[in-house]
A.B. asks: 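Input: one structure, supplied below.
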Protein chains: 2
Amino acid sequence: MSRSQSKASDSAVASTGVIATAHDVARLAGVSQSAVSRAFTQGASISSKMRRKVLNAASELGYRPNVLARALITRRSKIVGLTMGNVENPLFPLVLDKLSTRLSEQGFRLLLFTAKINAQVDKQIEEFLRYRVDAIILLSTVMSSWLADECHKAGIPVILFNRTVKRLGGMCGVTSDNDRGGREIGRHLLEAGYKRFAFMAGYEDSSTSQMREHGFTESLKEASVPAPIRVIGDFTHAGAVRAARELLSLKKRPDAIFCANDQMACATVDVARYEFGLEPGKDVGIVGFDDIPMASWPSFSLTTYSQPIDEMAVKTVDFIAHLGKKAPHRQMVVPGKLIVRSSTR
Amino acid sequence: MSRSQSKASDSAVASTGVIATAHDVARLAGVSQSAVSRAFTQGASISSKMRRKVLNAASELGYRPNVLARALITRRSKIVGLTMGNVENPLFPLVLDKLSTRLSEQGFRLLLFTAKINAQVDKQIEEFLRYRVDAIILLSTVMSSWLADECHKAGIPVILFNRTVKRLGGMCGVTSDNDRGGREIGRHLLEAGYKRFAFMAGYEDSSTSQMREHGFTESLKEASVPAPIRVIGDFTHAGAVRAARELLSLKKRPDAIFCANDQMACATVDVARYEFGLEPGKDVGIVGFDDIPMASWPSFSLTTYSQPIDEMAVKTVDFIAHLGKKAPHRQMVVPGKLIVRSSTR
DNA sequence: CTGAAAGCGCTTACAG
DNA sequence: CTGAAAGCGCTTACAG
């Protein structure tokens with residue numbers, strides 16, 4: 001009594017930590033606990049009178065079904081695990097948003113781990129497995145093929161978002177058409193009259209970077225133009241600054257640079273303009289990939305290849321939501337779109 | 001048999017969906033199921049011989065404790081719910097990363113919902129409650145005071161990150177010293193000799209924006225300088241572009257603009273430079289708040305107030321991890337630091 | 001230190 | 001449609 005008085009100034013309602021259970025609701029409503037469960041279960045056979053009785057008692061007690069307990073029985077946690085590398089890339093918050101929104105609509109929740117770009121996230125995946133997630137999405141992260149097997153054995157689908165691997169194992173991948181993107185960018189630069197080309201890769205073992213490069217190189221080859229000079233920017237701003245300096249310091253410096261993502265292209269624009277006095281578009285063509293919001297800002301005005309992250313998210317979630325219903329394609333590729341702005345002429 | 005053969009080309013190991021339980025491990029190891037549990041429980045009384053026996057059997061079966069079942073009994077899900085508004089602000093991925101990393105270290109997982117900036121997220125909070133989260137973090141989102149009460153009653157702490165409210169109810173807030181930040185920015189601009197000031201607010205009912213504005217206005221008042229012109233930029237790029245155009249079109253246009261965050265300040269730099277031909281720093285002083293990575297890029301080179309998100313994340317997680325141990329401050333304020341760059345003279 | 005047993009809060013056959 | 005009962009996969013007193 002004196003305790004509750006001394007705390008009264010802090011808050012009107014004391015924190016009890018007591019949470020109503022289905023049993024409490026059943027007792028108050030004068031029905032069985034099964035009935036309470038049915039009132040909260042989609043499509044359970046229950047009379048509307050009974051449901052109303054239960055719902056009234058439930059709201060009186062502030063009852064909320066414990067989904068952890070439900071998950072134990074149904075063996076569906078409705079949780080999707082997601083690991084995100086490269087937090088620095090503005091594309092990923094957008095991807096996260098799309099995925100989160102669409103997953104919510106389908107009744108799924110997102111359990112998130114952040115990591116370093118391209119990091120091996122076995123530790124986090126193990127944790128997902130302990131939480132009995134219904135699916136796993138990898139964003140710019142990597143897992144061992146041993147663990148991929150474990151996931152497969154456990155019946156947990158793994159989706160590589162914006163990436164793929166040679167040996168998919170039990171996994172599947174969702175990407176935009178990176179090869180075609182690189183190709184269209186190459187053709188665009190050729191038509192614009194650029195002569196000496198460079199490609200700024202993400203990192204060596206990124207399928208995304210590789211395929212963009214492949215398409216680009218092929219388009220140049222078709223025009224009998226020498227292969228592009230090649231540098232590596234790590235998919236980061238800092239890495240791209242280094243790589244751009246290297247490129248622009250060459251005696252025979254390139255007059256067009258295709259960066260494997262917008263983040264690196266923005267850095268390259270800054271280096272060109274403020275360190276070398278070169279005006280993007282005029283003195284040097286700079287192209288990115290992704291079409292992040294920043295790409296359209298006047299400071300960058302980046303020619304780029306727009307990634308259809310909306311559609312990619314839809315495909316990803318549809319795959320997860322229709323688990324087992326239909327055998328999906330292992331590798332889903334969604335077309336993107338070339339966006340020409342003033343960072344190229 | 002014929003089925004497994006027809007699938008053989010797809011993967012070496014068939015997806016069985018069968019997951020080992022503590023019972024399976026117990027049987028294989030020839031011990032009780034309790035022993036298995038103890039082998040996986042921190043500080044449980046178990047001989048090392050027994051533990052080894054269990055662990056061997058467990059690894060043979062690929063056993064992973066079901067933390068959902070554990071959560072049911074311990075009443076600790078080790079899940080923290082987080083709602084994030086304003087996905088567009090580059091500060092938030094960083095915040096997410098810090099929180100995620102530190103929470104992981106303390107054995108907590110992040111259940112994430114994204115939302116619109118300043119959105120009311122009662123729906124998502126209800127979902128957190130059904131998942132029996134151990135704590136809730138709100139990032140640029142808002143919940144009804146009724147639900148805040150519900151959380152309090154259920155013993156679930158709610159932390160407002162980078163925000164506060166007048167009536168905290170059962171909640172608590174973690175912010176940087178916004179008032180002081182605004183004040184230091186005001187003094188810096190005065191010293192630099194700027195004369196006509198403007199403030200670009202986030203939105204009306206944001207404590208963050210209000211306190212930054214308050215400090216700013218106070219510092220001008222102390223110098224007997226008229227109150228700043230005031231516009232609203234919604235904390236977004238698009239909103240800031242509109243607001244900046246409005247400001248710079250005035251007959252008596254301001255020569256110094258303090259934007260309530262860096263995101264808006266970057267937009268203001270672009271509008272000033274590319275639409276009005278004004279060079280930031282020289283023709284017009286532009287200041288932000290946060291010190292996002294972009295702020296240091298040459299294109300923006302933003303004078304700003306660095307938010308100590310590292311420390312803020314630490315305080316947040318410490319609070320969550322020490323649940324109940326000690327009564328924390330309801331409102332935690334961490335000092336930041338003025339960073340002067342060339343967007344002001 | 002170890003095991004048998006109860007129980008966390010639910011869902012779901014199984015009878016009625 | 002409804003209830004009693006079994007059970008999801010664990011943890012944790014309780015004896016020994």
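Not measured: the values here are computed from a predicted model. So that the names make sense, note that chain A is the first sequence line, chain B the second, and so on, each numbered from 1.
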A.B. asks: Find out whether A/Y131 and A/S77 are in side-chain contact, i.e. whether some heavy atom of one side chain is under 4.5 Å from a heavy atom of the other.
C.D. replies: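 Of all side-chain heavy-atom pairs linking A/S77 with A/Y131, none is under 4.5 Å.
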A.B. asks: Looking at B/R132 and C/dG9, is any side-chain donor or acceptor paired with a base atom of the opposite kind under 3.5 Å?
C.D. replies: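 Checked by distance alone, the answer is no.
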A.B. asks: Closer to the 5' end of DNA chain C via nearest nucleotide, is it B/A35 or A/A20?
C.D. replies: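 Result of the comparison: B/A35.
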A.B. asks: Can you name the one residue among A/T175, A/V174, A/T164 that meets side chain to side chain contact (heavy atoms under 4.5 Å, CB included) with A/M332?
C.D. replies: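 For A/M332, the side chain to side chain contact (heavy atoms under 4.5 Å, CB included) check succeeds only for A/V174.
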A.B. asks: Both distances under 3.5 Å, Watson-Crick or G-U wobble: on that basis, could you give the dot-bracket string for DNA chain C, with [ ] for crossing pairs and | for other-strand partners?
C.D. replies: |||.||||||||.|||
A.B. asks: Do A/M84 and A/L82 come close enough that some side-chain heavy atom pair is under 4.5 Å?
C.D. replies: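 Of all side-chain heavy-atom pairs linking A/L82 with A/M84, at least one is under 4.5 Å.
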A.B. asks: Can you figure out which of D/dA5, D/dC10, C/dG9 approaches the side chain of B/Q33 most closely?
C.D. replies: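 Taking heavy atoms from C-beta onward, the closest nucleotide is D/dC10.
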A.B. asks: Testing A/R75, A/R109, A/K78, A/R76 one by one against A/D134 for a salt bridge (Lys or Arg N to Asp or Glu O under 4.0 Å), which residue passes?
C.D. replies: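 Of the listed options, the one satisfying the test is A/R76.
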A.B. asks: Starting at CZ of B/R27 and ending at P of C/dG3, how long is that distance when rounded to a whole Å?
C.D. replies: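 Going from B/R27 (CZ) to C/dG3 (P), I get 15 Å.
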A.B. asks: Rounded off to whole Å, could you give me the CD-to-C1' distance for the B/Q42 and D/dT12 pair?
C.D. replies: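 One finds 17 Å between C1' of D/dT12 and CD of B/Q42, rounded.
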A.B. asks: In whole angstrom, give the distance that lies between atom CZ of B/R52 and atom P of C/dC1.
C.D. replies: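 Distance, rounded to whole Å: 14 Å.
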A.B. asks: Charged N to carboxylate O below 4.0 Å: is that the case for A/E126 and A/K123?
C.D. replies: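 So A/E126 does not pair with A/K123 through a salt bridge.
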A.B. asks: Which is true for A/R51 with a 4.0 Å heavy-atom rule: it touches a base, it touches only sugar-phosphate, or it touches nothing?
C.D. replies: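 Nothing, no heavy atom under 4.0 Å.
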A.B. asks: Of B/V31 and A/S37, whose closest DNA chain C nucleotide lies nearer the 5' terminus?
C.D. replies: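 Nearest nucleotide further toward 5': that of B/V31.
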A.B. asks: Roughly how many Å is it from CG in A/L72 to P in C/dC10, rounded to a whole number?
C.D. replies: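 Nearest whole value for this atom pair: 12 Å.
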A.B. asks: Any Lys/Arg nitrogen of B/R27 or B/D24 sitting under 4.0 Å from an Asp/Glu carboxylate oxygen of the other?
C.D. replies: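 Yes, charged N to carboxylate O under 4.0 Å.
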A.B. asks: Compare the minimum distances between each of C/dT12, C/dC10, D/dT11 and the side chain of A/T74, then state the nucleotide with the smallest one.
C.D. replies: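 Ranking C/dT12, C/dC10, D/dT11 by closest atom to the A/T74 side chain puts C/dT12 first.
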A.B. asks: Please determine, for the side chain of B/M50, which listed nucleotide (C/dC10, D/dT2, C/dG3) has the closest atom?
C.D. replies: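 When the side chain of B/M50 is considered, C/dG3 is the closest of C/dC10, D/dT2, C/dG3.
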A.B. asks: Tell me: CG of A/N66 to C1' of D/dC8, nearest whole Å?
C.D. replies: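 To the nearest whole Å, that distance equals 13 Å.
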A.B. asks: Touch check for B/S47, heavy atoms < 4.0 angstrom, all strands: base, sugar-phosphate only, or nothing?
C.D. replies: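 Counting heavy atoms under 4.0 Å across all strands, the contact made by B/S47 is with sugar-phosphate only.
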A.B. asks: Assess, by modelled atom type and distance only, whether the side chains of B/T114 and A/D97 contain a donor and an acceptor separated by less than 3.5 Å.
C.D. replies: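 A pair is found: one side chain offers a donor N or O, the other an acceptor, under 3.5 Å apart.
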A.B. asks: What is the distance, to the nearest angstrom, from the CZ atom on A/R75 to the P atom on C/dT12?
C.D. replies: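 Those two atoms, CZ and P, are 11 Å apart.
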A.B. asks: Look at all strands and tell whether A/F40 reaches a base, only sugar-phosphate, or nothing, counting heavy atoms closer than 4.0 Å.
C.D. replies: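 It contacts nothing in the nucleic acid.
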A.B. asks: For the backbone of A/S140 and the side chain of A/N86, can you confirm whether one donor and one acceptor N or O come within less than 3.5 Å of each other?
C.D. replies: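 Here the side-chain-to-backbone pair does not exist.
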A.B. asks: Between the base of C/dG9 and the side chain of A/R64, is there any donor-acceptor pair under 3.5 Å?
C.D. replies: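 Looking at the base of C/dG9, it does not pair with any donor or acceptor on the side chain of A/R64 (distance under 3.5 Å).
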A.B. asks: Could you tell me how far apart B/R38 (CZ) and C/dG3 (C1') are, to the nearest whole angstrom?
C.D. replies: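 About 7 Å, once rounded to whole Å.
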A.B. asks: Take atom CD1 of B/I19 and atom C1' of D/dC10, then tell me their distance rounded to the nearest Å.
C.D. replies: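 These atoms are roughly 14 Å apart.
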A.B. asks: What nucleic acid atoms does A/R130 come within less than 4.0 Å of, heavy atoms only: base, sugar-phosphate, or nothing?
C.D. replies: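 Nothing: the residue A/R130, judged by heavy atoms under 4.0 Å, touches no strand.
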A.B. asks: Give a yes/no answer on whether the side chain of A/Y131 brings an N or O atom under 4.0 Å of OP1 or OP2 in D/dG9.
C.D. replies: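 So the side chain of A/Y131 is outside the cut-off, no N or O lying under 4.0 Å from OP1 or OP2 of D/dG9.
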